[in-house]
2 protein chains.
Amino acid sequence: MSRTLNNQATVDEQLADRVRVAAAELGYRRNGIARSLRLQRADVWALIISDIANPFFTAIARGLEDLAQRQGFSVVLCNSDEDPAKEANYLEVAEREQVSGVVLSPNRIGSDISPLTRLGVPVVAVDRPLRAPVDTVLVRSAAGAQEATEHLLDVGWRRPACITGPESAQTAIQRLAGYRRGLLARKRRPAASLVRHADYRADRAALATAELLDGRNPPDSFFVANSEMALGVLQELRSRGLTVGEDVGLVAFDNAPWTAFTDRPLSVVDQPAYEMGVLAGNLLLSRLGVPLSDRPAPRVRRLRTELIVRESSLHG
Amino acid sequence: MSRTLNNQATVDEQLADRVRVAAAELGYRRNGIARSLRLQRADVWALIISDIANPFFTAIARGLEDLAQRQGFSVVLCNSDEDPAKEANYLEVAEREQVSGVVLSPNRIGSDISPLTRLGVPVVAVDRPLRAPVDTVLVRSAAGAQEATEHLLDVGWRRPACITGPESAQTAIQRLAGYRRGLLARKRRPAASLVRHADYRADRAALATAELLDGRNPPDSFFVANSEMALGVLQELRSRGLTVGEDVGLVAFDNAPWTAFTDRPLSVVDQPAYEMGVLAGNLLLSRLGVPLSDRPAPRVRRLRTELIVRESSLHG
DNA sequence: TTACCGGGAGAAATCGATTTCTCTCAACGT
DNA sequence: ACGTTGAGAGAAATCGATTTCTCCCGGTAA
């Protein structure tokens with residue numbers, strides 16, 4: 001039976017046919033659980049992302065899933081919701097269910113994945129680094145931020161501010177660093193008074209914008225570290241009657257679908273999220289059939305962003 | 001061992017302690033696969049949604065997951081991507097892995113879930129009905145559309161158009177029907193020339209908008225059946241120099257995060273997506289421990305929408 | 001004192017697909 | 001004609017947790 005259904009060469013074709021016919025007639029369905037138990041693995045990957053409502057992560061999910069599907073794997077999507085406890089729970093679920101691979105956007109750099117690595121389950125970190133030595137897919141956030149900042153300066157804005165994420169987030173740190181480098185590359189001196197850490201949410205970004213604009217030496221433009229915060233910035237600017245791409249310059253991270261449709265369309269730093277998902281899947285694949293001892297050293301891949309200039313960064 | 005770890009009453013506490021200590025020392029981790037094989041079920045629910053990039057569905061996912069987590073279940077999220085083949089594949093995966101329940105937003109009313117129901121795995125349909133007799137969570141789309149249309153008329157718009165989804169989508173049909181009822185309720189005669197079926201995507205909605213505006217008797221306002229199409233409408237209006245909430249009225253389905261931040265903020269029909277997820281989970285729960293024969297007849301729950309009036313529907 | 005009852009724990013069966021083992025039969029070479 | 005080889009297929013072992021079966025022993029009642 002097993003030999004027939006898995007198309008082993010040693011089975012007489014005539015008998016195999018009879019088996020298949022009988023199986024079809026009886027409505028036989030193979031039990032994936034029993035199969036996994038015997039094979040010590042499931043044809044399932046887990047993708048544990050930190051925010052299912054963030055289009056950036058859902059794009060990663062699509063990339064990973066399209067690849068997985070082509071390779072005969074299914075993807076279990078889990079939402080850790082930026083909550084370390086939930087993340088730990090899902091890592092445990094992944095371990096218990098013996099998925100064959102895990103892609104994770106870790107909440108903290110120190111997230112504990114040892115139960116998985118101990119069992120030889122390959123783990124790939126995406127978007128954020130992990131202290132543990134695993135394959136990692138990152139974005140050249142700093143370079144993207146630098147390019148965005150230089151762009152603002154190049155089109156004529158003189159005092160770009162930076163609204164970045166929480167200090168606990170690697171991506172926020174990188175984007176701030178890139179902003180600073182952009183200023184330096186254009187012979188401007190970075191000023192701490194032009195930098196605000198928000199929490200990647202719209203509300204706090206709106207507050208930060210207000211603060212900046214009410215400061216002694218207000219900025220004339222903004223580099224914003226993600227698209228949700230850009231919404232907050234836009235709101236605050238509008239409430240003051242300021243138009244982006246005219247009175248104020250704006251570039252934000254993330255090429256969310258709606259960014260092309262706001263008034264004015266947003267200039268954005270596009271992260272190759274879909275490709276990140278595909279790449280993470282390929283890294284997983286490259287370790288799947290391979291015994292622990294033969295596995296290559298962990299690799300870190302850094303993908304380039306692309307600056308998409310629309311209208312919000314135009315200089316009036 | 002099993003008795004200890006599952007806290008059976010019949011185990012001597014002292015022995016149980018020794019077992020637990022030993023288990024901890026050896027780094028014992030229970031094999032969820034073997035457990036599922038024996039118990040003939042996994043503590044996993046599958047949620048098969050049709051578009052992971054749609055905030056409406058991710059909100060359903062959050063609701064379902066929060067409930068599941070409280071009940072000790074994990075949620076496997078699968079993305080059918082409006083593709084019947086993918087949907088069928090994931091239904092099969094769910095069957096093979098013997099998940100204990102499935103929540104599905106079916107691509108077609110005729111989607112075949114018989115393999116699951118035959119095994120006694122409860123299925124709940126969300127957002128869209130299924131011909132098969134299962135618990136279903138729907139939105140009172142028609143009522144929401146009617147309310148939105150009446151609102152447009154009540155604030156002074158005289159010729160609202162309707163841009164709805166494809167004719168194959170139940171939700172699109174419902175929303176169109178609601179639009180018609182709204183007109184009739186205010187003594188207006190629905191005109192086919194003011195109705196367009198787009199495909200729930202921005203591009204086609206932009207085209208439809210252009211068509212309507214270029215018609216002989218153009219509309220002065222729009223009821224749009226989802227938020228992504230609203231993006232397309234906004235784009236087309238802006239390219240013609242028309243401002244919503246001033247020159248043109250607009251109400252759209254879906255309270256997406258960005259709708260509050262566009263210029264002007266969009267008046268929307270808010271669907272209780274999170275609650276739908278919770279409700280679907282509760283329907284699943286109510287059937288889980290119950291033998292097939294004792295199960296209640298399938299129930300259909302219809303949730304109310306809420307009209308959120310912002311500025312895009314204001315009459316100039 | 002003997003018979004019975006019941007708690008507790010070790011041993012064995014169970015779940016279903018896969019893999020390994022073993023046996024049969026036929027073909028081939030010497 | 002006999003021994004060897006190998007293909008093919010049925011039987012049995014395997015994966016690991018749970019559940020059932022069995023047995024032992026202490027306590028209680030007759």
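Any value given below was found using the heavy atoms of this structure, including those in side chains, with hydrogens, waters and symmetry copies removed. Everything quoted here is computed from the prediction, not taken from an experiment. Naming convention: chains lettered A, B, ... in sequence-line order (proteins, then strands); numbering from 1 in each chain.
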Determine the sole option in Leu64(B), Leu284(B), Val137(B) for which the side-chain contact (heavy atoms from CB on, under 4.5 Å) test with Leu279(B) is passed. Val137(B)
Please tell me if Tyr28(A) has a side-chain N or O lying less than 4.0 Å from either OP1 or OP2 of dA17(C). yes
Base, sugar-phosphate, or nothing for Ile33(B), non-hydrogen atoms under 4.0 angstrom? nothing
Side chains of Thr136(A) and Arg299(A) only: does a donor on one sit below 3.5 Å from an acceptor on the other? no
note: Gln40(B), atom CD; dA17(D), atom P; distance rounded to Å ~ 17 Å
Arg35(A) side chain near dC15(D) phosphate (N/O to OP1/OP2, under 4.0 Å): no
Starting from the C-alpha separation in whole Å, work towards a yes-or-no answer on side chain to side chain donor-acceptor pair (under 3.5 Å) for Gln98(A) and Asn31(B). CA-CA 8 Å; Gln98(A) 307 199 204; Asn31(B) 183 320; 2.5 Å; yes
Looking across every strand, which nucleic acid part, if any, lies under 4.0 Å from Arg41(B) by heavy atom: base, sugar-phosphate, or nothing? nothing
Whole angstrom is fine here: how far is it from CZ in Arg38(A) over to P in dA17(C)? 13 Å
If you only use heavy atoms from C-beta on, which nucleotide in dT19(C), dT18(D), dG16(D) is closest to the side chain of Leu39(B)? dT18(D)
Roughly, in whole Å, what's the span from CG in Asp17(B) to C1' in dA9(C)? 16 Å
Taking the side chain from Asn226(B) and the backbone from Phe253(B), do they hold a donor-acceptor pair closer than 3.5 Å? no
For Asp43(A) and dA17(C), give me the distance from atom CG to atom P, rounded to whole Å. 15 Å
Please report the distance, rounded to the nearest Å, between CZ in Arg18(A) and C1' in dA9(D). 11 Å
What is the distance from CG of Leu119(B) to C1' of dC15(C), rounded to the nearest Å? 15 Å
Does a donor on one side chain and an acceptor on the other come within less than 3.5 Å for Ser100(A) and Arg41(A)? no
Whole-Å distance between dG16(D) C1' and Leu26(B) CG? 15 Å
Euclidean distance, atom CG of residue Asn31(B) to atom C1' of dC15(C) [Å, nearest integer]: 13 Å
Per Leu37(A) side chain, nearest of listed nucleotides dT18(C), dT19(D), dC15(D): dC15(D)
